[in-house]
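First comes the structure, then the notes that go with it.
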Amino acid sequence: MTNEIFVVDDDAPVRRAVDRLLRTAGYCVRTFGSAREVLAAMQDDLPSCLIIDVRMPECNGLDLFDALRRTTTTAPVIFITGHGDIPMAVRAMKAGAFDFLTKPFDDQALLDAVEQARKAAR
Amino acid sequence: MNVDVTPIRGSSALLEPLHTAERLDERLRSPARDRVPLPAIALGACAGYYVASLVGFQLRLLPATTSVLWPPNAALTAVLVLVSPRRWPLILLSVLPVHLLIQMHTDFPLPMIVGLFLTNCSEAVIAAGLMHYLSDEPSQLDTLRRLMVFFVAAVLVAPVLSSFGDAAAVMWFRGEPYWRVWQTRLLSNTLAELTVVPAVIGAVLTVVRWRRGARGRFIEGTVLASGVCATGWLAFSGSFSGIPSLGAMSTQMPLALQLPFLLWAAVRFGPTGTGLTVFTTSVLSAWTVVHGVGPFAGVPAATTVMALTLSLIVVAAALLCLATLIEERRQTQLALRTRLQFEGLLSRLSAALVQLPGNEVIGAFEPWLGRIGRVLGLDCLTVFAAEDRSSLIPLYVWGDRRTGTVGTLADHMRWAHRSVQSQEPVFIADANASVENALESPLEPPLCRSGGAVPLIGEGDVIGAVAFGSIDACQWSRELVANTQLVGEVLASALRRKQSEDALRASELMKSAILQSLTSGVAVLDRSGCLLQMNDRWKQFARDRDWMRAEFGSSLIANCWMSFERGDRLAAKVVVAVCSVLGGSRDRLIVEHRTETGTRIQWWSLAAVPLNRTDGGAVITLTDITELRRAELEALRSRQELAHVSRVSTVGEMTASLAHQLNQPLAAIMTNAQTGVRILDSSCPDVAEIRAILVDIVNDDRRASDVIQRLRAFLRKGEFEMAKVNVVSAIRDVVDLASSEAIIRNIAVSVDADHDPLYARADRVQLQQVMLNLLHNAMEALNGRRDRARRISVECREADAERILVSVHDSGPGFRAGTEEVIFEPFYTTKATGMGMGLSIVRSILDAHGGSIRAANHPLGGAVFEFLLPATARTR
């Protein structure tokens with residue numbers, strides 16, 4: 001497992017903000033705009049944690065989570081979601097996701113969730 | 001003319017109306033004879049035969065069997081002439097007892113008596129039979145032709161032939177010389193036929209046709225009869241022998257003394273008078289000869305008889321010819337006078353009817369129809385007019401009030417109704433002759449015995465009828481029938497004109513009523529723009545508008561020009577409208593304008609259309625459309641309200657996606673701000689990173705603001721405002737607005753435009769509402785479709801130079817067959833929770849834009865909506 005954290009969100013400003021926050025906290029971050037991109041990246045590199053937006057075009061966060069579970073990776077997944085997507089996030093938790101955060105989320109809450117996820121993975 | 005047999009008032013008796021020329025002639029050949037009861041005829045025949053036999057026996061020159069003058073055969077001939085041949089056997093049988101009775105007093109054997117009866121009958125039958133066969137009217141001797149028939153049949157052939165048998169009988173039973181008997185009987189019966197037949201026929205018909213008011217003629221006849229008898233007796237009895245000049249005349253030429261009276265009778269009383277006077281003279285002269293008195297006493301009776309008889313035959317024949325000629329001339333003059341009088345009246349009636357207006361036609365009947373009726377010898381005359389196809393009502397009645405007809409033709413002249421409806425005239429000579437019970441008579445019983453009806457034809461239809469009536473039986477001669485038909489033609493012409501004018505007047509009244517009932521002001525102009533007609537509403541509107549205030553016949557266009565010069569701009573528009581319609585460049589021109597009177601605002605519509613007639617012209621209407629305009633505005637407002645509610649409703653359904661759209665920039669802003677704080681809290685803050693964070697915060701704020709602005713604009717409740725709109729841009733905004741919804745639904749939405757921009761004249765918000773409704777509808781259609789790509793394609797392109805085509809194609813299941821049109825109807829929905837107003841609103845918005853929309857199943861699957869919008873002059 002590397003120190004990298006993968007961030008997957010179709011919304012570029014959100015993706016950039018999360019990337020900036022995690023890097024400020026000392027993490028190594030890679031961002032992706034779609035599920036297809038992150039799955040391709042995971043052929044070569046496995047993150048220590050994934051932060052995935054639930055709502056994305058073509059392949060949403062849940063579908064991506066299912067796809068990840070079908071691979072060898074065991075990296076913990078934290079979902080970030082809008083208010084209306086909470087039922088989907090609950091479903092993801094039941095399926096094995098580590099945590100979920102509702103947008104707009106507190107910076108410390110995200111960092112705490114990432115830290116705990118990494119510890120749990122270890 | 002038609003023969004019609006009509007049941008009369010429930011009676012089993014059928015009347016036989018007279019109606020063809022043939023039947024008319026037949027009826028004229030069987031006159032009063034058929035109307036007198038048979039017993040009365042038989043009784044009369046017996047009485048005549050008896051009296052004539054008594055006279056005949058008094059004139060026998062004994063011992064000869066044959067009388068000098070034997071009138072019974074002639075009397076029998078007269079009766080047979082007067083009655084129908086079918087009654088002859090009964091008449092002859094009834095006379096047989098009388099013959100036997102009177103002959104029994106003689107010494108003749110019975111076989112001879114019977115033989116003489118047979119010869120007497122044969123003479124009568126031959127004479128009457130030939131007259132019936134050869135003469136058109138055997139009972140009339142008023143023309144030379146009829147007289148010649150009488151001479152041949154009764155005077156020559158019948159006595160000649162019957163005398164052979166008679167002479168044979170007398171020779172057989174009495175031994176008298178055959179040819180002497182034949183000669184005596186021939187002369188005797190010839191004279192009798194010459195005198196008795198005209199006398200009896202004339203007398204009978206005179207009695208049958210006797211009318212009041214003939215007293216003078218009766219006195220004249222009495223004086224003549226007295227003169228004939230007195231002079232004859234004095235001349236033949238030799239009473240004048242004492243008077244020198246008269247004595248010589250009475251001795252040598254006794255007939256000369258009778259001649260003035262015979263001529264008087266011939267001239268004044270026709271063949272009847274001639275027959276009577278000659279017969280009287282013959283009887284007197286024969287009696288004096290037979291009894292040996294008077295001027296012939298000294299001469300052998302046999303010689304005198306022959307000379308006298310021949311003289312009387314010649315005189316009688318000549319006088320009959322003279323009387324007939326005079327009678328014929330008199331009748332011709334009478335007919336001519338009547339004809340002239342009738343034609344004069346008819347021409348004056350025609351002139352009156354032509355000169356008078358249609359509504360006064362009835363008034364013209366009063367002075368003329370009655371006079372025409374009198375000239376035709378009728379007692380009542382009724383003009384009927386058609387109320388409808390089957391009912392004829394009286395228009396005018398002339399005649400004795402009792403004889404006047406009231407009610408419809410069918411009510412009072414059922415016998416005529418059917419014929420009239422068949423466009424055939426009908427005449428009845430004598431109703432009583434055909435119907436035993438007079439009360440069953442169809443001719444206004446018991447007032448009219450005879451009647452007729454002539455249909456009045458107009459353009460192939462029965463437009464009325466004229467009915468004629470006579471209190472007495474009336475022989476409808478050809479001339480009378482022709483005259484009634486002439487009257488009918490004149491009246492038909494008048495009725496046709498009256499009906500045409502009535503129809504025209506009714507049409508004018510209806511036109512005027514319609515014109516006056518219109519709520520619009522209407523003016524009718526001729527091709528030069530002069531005012532032909534206007535309604536009250538136009539005059540009312542004209543109080544406030546100078547340009548409308550034109551008089552009949554004056555030019556409305558000139559009036560408008562003057563108003564325009566005074567500053568009335570509307571007047572100029574009216575001139576343009578009217579002139580373009582009158583000139584044929586436009587077939588309709590409508591000008592709408594608004595007026596303000598204080599606080600009152602009114603809208604008006606002025607329309608000019610061509611006047612549909614060969615002379616051209618125009619019809620101008622000015623209509624107050626204030627209420628209509630208010631209703632339109634109200635409808636527009638309601639439509640906008642509904643559209644707004646629909647927009648709010650649609651946006652409400654998209655709340656989650658809109659929240660997501662706002663959440664994204666808010667989340668980015670918050671994260672960036674908190675990160676910025678962390679950097680600032682660090683020992684060595686990275687200023688460049690802080691600047692980048694702030695730039696991102698500003699951008700995300702704008703992004704959120706854009707979402708709110710689009711939403712606010714979309715939900716704006718503004719007026720319908722047409723402007724030049726970039727259709728592609730408006731559509732992209734809507735797609736952006738719905739993008740979150742599409743993402744939630746996992747639907748890929750694509751927008752493709754062959755040009756950007758493409759401009760149309762539209763209300764941007766309403767155009768976006770159309771687009772949003774169609775997108776939302778497409779998304780709904782994709783619900784539950786997991787088996788194939790969930791995709792919506794929006795295309796925008798130029799359909800042609802004047803229209804822009806926008807299509808929305810989804811990959812859903814498409815429409816159920818036959819619902820492509822129904823889906824645009826209000827409240828039509830296939831969703832459990834939908835109101836069914838979305839597509840209805842789409843269509844109403846596009847209609848208001850002058851566009852259109854259609855729905856269809858796409859050949860590649862799914863549904864496609866295509867709508868057209870009018871493009872602006874430069875679409876790009």
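Throughout, protein chains are lettered first and strands after them, A, B, ... in sequence-line order, and every chain is numbered starting at 1. Below, all heavy atoms of this structure are taken into account, side chains as well, without hydrogens, waters or symmetry copies.
- Comparing B:Ala659, B:Ala742, B:Ser739, B:Ala667 by heavy-atom pairs within less than 4.5 Å of chain A, the highest count is held by B:Ala667.
- Contacts with chain B were tallied for A:Val54, A:Val18, A:Val14, A:Asp107; A:Asp107 has the most, counting heavy-atom pairs under 4.5 Å.
- For B:Ala692, the parts sitting under 4.5 Å from any heavy atom of chain A are the backbone and the side chain alike.
- More than 12 heavy atoms of other shown residues, nucleotides or ligands fall within 6.0 angstrom of atom CZ in A:Arg69.
- In this structure, A:Arg23 CZ and B:Ile679 CD1 are separated by 8.5 Å, a value rounded to the nearest 0.5 Å.
- The contact between A:Leu111 and chain B is made entirely by side chain atoms (from C-beta outward), counting heavy-atom distances below 4.5 Å.
- Heavy-atom minimum distance, B:Ile743 versus A:Met56: CG2-C, 3.9 Å.
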Test log, rule side chain to side chain donor-acceptor pair (under 3.5 Å), inputs B:Gln674 and A:Arg20: CA-CA 10 Å; B:Gln674 288 173 338; A:Arg20 191 176 281 139; over 6 Å; no

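- Between A:Asn60 and B:Asn746, the closest side-chain pair of non-hydrogen atoms is not below 4.5 Å.
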Criterion side-chain contact (heavy atoms from CB on, under 4.5 Å) on A:Leu21 and B:Arg678, from CA distance to verdict: CA-CA 9 Å; A:Leu21 173 63; B:Arg678 281 177 181 273; 3.7 Å; yes

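- Crowding of B:Arg732 atom CZ: a count of heavy atoms from other residues, nucleotides or ligands under 6.0 Å exceeding 12.
- For B:Asn672, the parts lying under 4.5 angstrom from a heavy atom of chain A are both the backbone and the side chain.
- Contact record, B:Gln664 with A:Asp9: NE2-OD1, 3.9 Å, taken as the closest heavy-atom pair.
- Only the side chain of A:Asp10 comes within less than 4.5 Å of a heavy atom in chain B; its backbone stays farther off.
- Heavy atoms of B:Ile693 lying under 4.5 Å from chain A belong to its backbone as well as its side chain.
- Both the backbone and the side chain of A:Asp11 come within less than 4.5 Å of a heavy atom in chain B.
- Rounding to the nearest 0.5 Å gives a distance of 8.5 Å between CG of B:Asn663 and OG1 of A:Thr81.
- Other residues, nucleotides and ligands contribute at most 12 non-hydrogen atoms within 6.0 Å of the CZ atom of B:Arg702.
- Taken to the nearest 0.5 Å, the CZ atom of A:Arg16 stands 7.5 Å off from the CG atom of B:Asn699.
- Taking NZ of A:Lys103 as the start and NE2 of B:His660 as the end, the distance is 5.0 Å to the nearest 0.5 Å.
- Across all non-hydrogen atoms, the minimal contact from A:Ala17 to B:Thr675 is O-OG1, 4.3 Å.
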